[in-house]
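Both ligands and their constituent atoms are indexed starting at 1 by order of listing. These numbers come from the heavy atoms of this one structure, side chains and all, not from hydrogens, waters or symmetry mates. As the structure is a prediction and not an experimental result, all values here were calculated from the model.
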Amino acid sequence: MSFFVILEQRQGVIKEAAVDVWRTVQHLAQVSGGKEVYGAVMGDVDTDLIKGRCAGKGQVYIVRDKAFHEYAPQAYAGTIVEMIRSTGSENIFLANTAMGRDLAPRVAMRLDAALASNCIVDAESAGVLKAVTTMYAGTVSAVIQGLRNRVVYSLAPRVCRFEEPFPFENKVEVLDAKGVNVSDSIGNPVLKEIIYHTGRKDIAEADIVVAGGRGVGSNENFAMLESLADVLGGAVGASRSAVDDGWRPHADQIGQTGKSIAPKLYIACGISGAPQHLAGITGAETVVAINCDRDAPIFKAADYGIVGDIADVVPQLERAICGFQRVK
Ligand SMILES: Cc1cc2nc3c(=O)[nH]c(=O)nc-3n(C[C@H](O)[C@H](O)[C@H](O)COP(=O)(O)OP(=O)(O)OC[C@H]3O[C@@H](n4cnc5c(N)ncnc54)[C@H](O)[C@@H]3O)c2cc1C
């Protein structure tokens, strides 16, 4: 039984979320009695770059085909499944990113495997894997174990909490995949990729996220949150209402139909705390809520709550943090 990791790349760079999955799988392989680990990178990615990002033991195969430069659902799934079959891997891992959410069920279906999505995986002493995921908009936790011989796990963001330095030495071999049939049917080709350069970290990868909801009131008022995020070195997220109103792009949406995040600090500004929003913040370590309604449900999910108007509270908070940073 070996482990197989699908390493997502964007513009030739292995995504932080994929590195996180790789590290987690290295740990799982070790506690499961030294299972073999295979990885696959689709697209033209520099060999040394992969070696630098993926520490531990195992073999990473690169499928260098220009068809894979951008995510092509059918072709990715077809080629990856062929590689999984040839390695005989039974546990397949990938990050629960936008691409991961699309690819995981395609791969699972073709392999007739079970699918555990947006989960945290642990290995029990006998090497049996146990996945914990949330269901019904985060209101229920489900344990997924031993459903089929093969299981595809899409891992929740930032599940790997190893302190630096990473405890595994680097014995990873990076090889060009040979003899893999690249599917000539790309299916629906990507016509245009729109990339927003915000200069900030992706909310799914950030240590600190400041998010705004309908209570922010307008696109312009998000400048307040951006300013606070700048001071904290964080990213800016949003509730679905703020996205639906066109104040933020969908990439910033947190929740059931947006991204799951797991920052060390999450500051929710003018967000009521609907279950669909809370489903996306179950991994947050500390939650601070700012809301003018003292009965807002977000306070039940918060570690610290501030009842007040965000137009007063957010600038005060920023000044206090700046003052604290100066004193330090
Ligand atoms: C199938 C489905 C999927 C969904 N997926 C998601 C999802 O992924 N993410 C998501 O977020 N939602 C999702 N939703 C929508 C969700 O149910 C809520 O409607 C949404 O989260 C509400 O957004 P909000 O908290 O910004 O707005 P509201 O619920 O309108 O809350 C605004 C809050 O701001 C406060 N406020 C107003 N003015 C101020 C002020 N000046 N200062 C301080 N506080 C103020 C108010 O007291 C209120 O609590 C989904 C819904 C469905 C049905």
Side-chain angles (χ1 to χ4, degrees), residues 17 95-102 104-105 117-119 133-142 154 156-158 196 202-206 208-229 234-263 265-284 287-320:
N96 193 52
T97 55
M99 185 197 96
R101 284 205 292 254
D102 187 80
S117 51
N118 200 24
C119 62
T133 184
T134 52
M135 299 169 84
Y136 305 118
T139 51
V140 174
S141 281
S154 74
R158 293 160 57 85
Y196 290 98
D202 187 314
I203 51 169
E205 294 173 356
I208 298 176
V209 175
V210 180
R214 187 173 281 143
V216 173
S218 69
N219 184 10
E220 292 71 36
N221 287 350
F222 259 90
M224 238 182 335
L225 274 54
E226 302 244 353
S227 181
L228 178 60
V236 177
S239 73
R240 177 160 157 181
S241 299
V243 171
D244 285 350
D245 285 345
W247 303 341
R248 303 298 294 182
H250 183 259
D252 290 353
Q253 187 181 315
I254 298 160
Q256 190 187 338
T257 44
K259 288 181 180 165
S260 294
I261 61 168
L265 173 65
Y266 176 59
I267 305 179
C269 308
I271 293 177
S272 60
Q276 295 87 358
H277 183 80
L278 299 181
I281 62 163
T282 51
V287 176
V288 176
I290 306 167
N291 199 302
C292 57
D293 173 8
R294 63 176 59 247
D295 296 322
I298 188 79
F299 288 127
K300 290 207 174 80
D303 299 285
Y304 301 94
I306 303 170
V307 178
D309 190 321
I310 48 174
D312 299 328
V313 178
V314 172
Q316 279 190 53
L317 197 58
E318 185 183 326
R319 280 197 294 276

Sub-3.5 Å N/O-N/O distance, I290 and ligand 1:
no

Specify side chain, backbone, both or neither for A274, according to which of its non-hydrogen atoms lie closer than 4.0 Å to ligand 1.
side chain

Near D293, which atoms of ligand 1 are under 4.0 Å from a heavy atom of that residue?
47 (O)

Partner of V209 by side chain to side chain contact (heavy atoms under 4.5 Å, CB included), out of D252, L265, I281, I254:
I254

I want to check something: taking the side chain as every heavy atom from C-beta on, are V210 and V314 in contact at a cut-off of under 4.5 Å?
no

Nearest-0.5 Å distance that lies between atom CG in L228 and atom CG in L317
5.5 Å

Any donor-acceptor pair under 3.5 Å from D245 side chain to W247 backbone:
no

Under 4.0 Å to a heavy atom of G255 - the qualifying atoms of ligand 1, by number
7 (C), 8 (O), 9 (N)

Please list the nearest protein heavy atom to atom 31 (O) of ligand 1 with its residue and the distance rounded to 0.1 Å.
S272 CB, 3.3 Å

Quick one: pull up CD1 in I290 and CD1 in I298 and give me the separation to the nearest 0.5 Å.
11.0 Å

Starting from atom 37 (C) of ligand 1, what is the nearest protein heavy atom, named by residue and atom, and what distance separates them?
G215 CA, 3.4 Å

Any N or O on G273 sitting closer than 3.5 Å to an N or O of ligand 1?
no

Give a yes/no on ligand 1: does P297 have at least one heavy atom closer than 4.0 angstrom to it?
no

Start with the C-alpha gap between N291 and I271, add the side-chain angles, then the distance that decides, and say whether side-chain contact (heavy atoms from CB on, under 4.5 Å) holds.
CA-CA 7 Å; N291 199 302; I271 293 177; 5.7 Å; no

In ligand 1, the atoms that come under 4.0 Å of a heavy atom of G258 are 8 (O)

For atom 5 (N) of ligand 1, find the nearest protein heavy atom and state the residue, atom name and distance (0.1 Å precision).
T257 OG1, 2.6 Å

Any N/O of G213 closer than 3.5 Å to an N/O of ligand 1?
no

S117 and R101, any side-chain heavy atoms less than 4.5 Å apart
no

Please examine the side chains of F299 and V307, heavy atoms only from C-beta on, and report whether any two atoms are closer than 4.5 Å.
yes

Protein residue, atom and distance nearest to atom 22 (C) of ligand 1, heavy-atom basis
S241 OG, 3.2 Å

Specify the protein heavy atom at minimum distance from atom 12 (N) of ligand 1: its residue, its atom name, and the distance to 0.1 Å.
R240 CB, 3.2 Å

Flag side-chain contact, heavy atom, 4.5 Å: K259 against P157:
no

Nearest protein heavy-atom contact for atom 41 (N) of ligand 1: which residue, which atom, what distance?
D309 OD1, 3.1 Å

Please write down residue, atom name and distance for the protein heavy atom closest to atom 26 (O) of ligand 1.
S239 OG, 2.6 Å

Quick one: pull up CG in D295 and OG in S272 and give me the separation to the nearest 0.5 Å.
12.5 Å

How does I254 reach ligand 1, if at all, at less than 4.0 Å between non-hydrogen atoms: by side chain, backbone, both, or neither?
backbone

Set out, in order, the CA-CA distance, both residues' side-chain angles and the distance that settles side-chain contact (heavy atoms from CB on, under 4.5 Å) for N221 and I310, then state yes or no.
CA-CA 10 Å; N221 287 350; I310 48 174; over 6 Å; no

For G308, the atoms of ligand 1 under 4.0 Å from one of its heavy atoms are 42 (N), 43 (C)

To the nearest 0.1 Å, how far is atom 34 (O) of ligand 1 from its closest protein heavy atom, and which atom is that?
G270 O, 3.1 Å

